[in-house]
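Reviewing the structure listed below.
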Amino acid sequence: MMKKIVLFFMLFFLFTQYNYGQENKIKISPSNLLGTSSILLTVEDRGSYSLTIKNKTGEKIFIKKFEIFEKKLFAFKHDFKNFDKGDYTFELSSKKEIIANKKISKN
């Protein structure tokens with residue numbers, strides 16, 4: 001129950017920081033990837049998107065596809081417990097074009 005309350009306040013805080021004029025962005029909270037993290041994606045336009053997570057060798061280890069029907073923040077949780085230690089690249093793409101990326105390390 002406490003995790004849900006914390007997640008709600010994190011999402012609320014990040015959503016209130018959201019500005020519709022911002023560029024496409026990827027935010028991971030908490031960023032240490034030790035367990036379950038919230039992935040927050042800010043997109044500028046409506047359309048089909050995918051988020052790909054690649055390991056340090058460039059191998060795709062996770063892909064999530066989703067539709068955006070209006071400008072908004074798209075959020076979901078992902079469990080990183082089974083991920084090995086190392087560097088990961090998060091790529092947000094639309095129409096096979098990378099529109100945002102972020103590198104995160106799991107220690």
Grab the two heavy atoms, one from Ser37 and one from Pro30, that are nearest each other, plus how far apart they are. OG-O, 2.9 Å

Is there a side-chain contact between Ile68 and Asp45, using heavy atoms and a 4.5 Å cut-off? no

Under the side-chain contact (heavy atoms from CB on, under 4.5 Å) rule, collect the residues that match up with Asp84, sequence neighbours excluded.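 Partners of Asp84 by the side-chain contact (heavy atoms from CB on, under 4.5 Å) criterion, ordered by chain and then number, come out as Tyr88.
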
Could you pull out all residues at least two apart from Thr89 that satisfy side-chain hydrogen bond (donor to acceptor under 3.5 Å, both in side chains)? none

Selection residues 32-61 - residue pairs positive for ring pair (Phe, Tyr, Trp, His ring centres under 6.0 Å), sequence neighbours left out: Tyr49-Phe66

Donor-acceptor pairs are to be reported for all side-chain atoms of residues 97-107 against protein atoms at under 3.5 Å, with residues two or more places apart or in another chain.
from   : atom 1 : to    : atom 2 : distance (Å)
Ser105 : OG     : Asp87 : OD1    : 2.4
Lys106 : NZ     : Phe80 : O      : 2.6
Lys106 : NZ     : Phe83 : O      : 2.7

In this structure, OG of Ser94 is separated from CD of Glu44 (nearest 0.5 Å) by 10.5 Å

First locate atom CZ of Phe90, then atom CD1 of Ile26, and finally report the distance between them rounded to the nearest 0.5 Å. 8.0 Å

Tell me which donor-acceptor pairs under 3.5 Å the side chains of residues 50-61 have, and how far apart each pair is, sequence neighbours excluded?
from  : atom 1 : to    : atom 2 : distance (Å)
Ser50 : OG     : Ser93 : OG     : 2.9
Lys54 : NZ     : Glu91 : OE1    : 3.2
Asn55 : OD1    : Thr57 : N      : 3.1
Asn55 : OD1    : Thr57 : OG1    : 2.8
Asn55 : OD1    : Gly58 : N      : 3.2
Asn55 : OD1    : Glu59 : N      : 2.9
Asn55 : ND2    : Glu59 : OE1    : 3.3

By the definition side chain to side chain contact (heavy atoms under 4.5 Å, CB included), identify the one residue from Leu41, Ile39, Thr42 that meets it with Leu92. Leu41

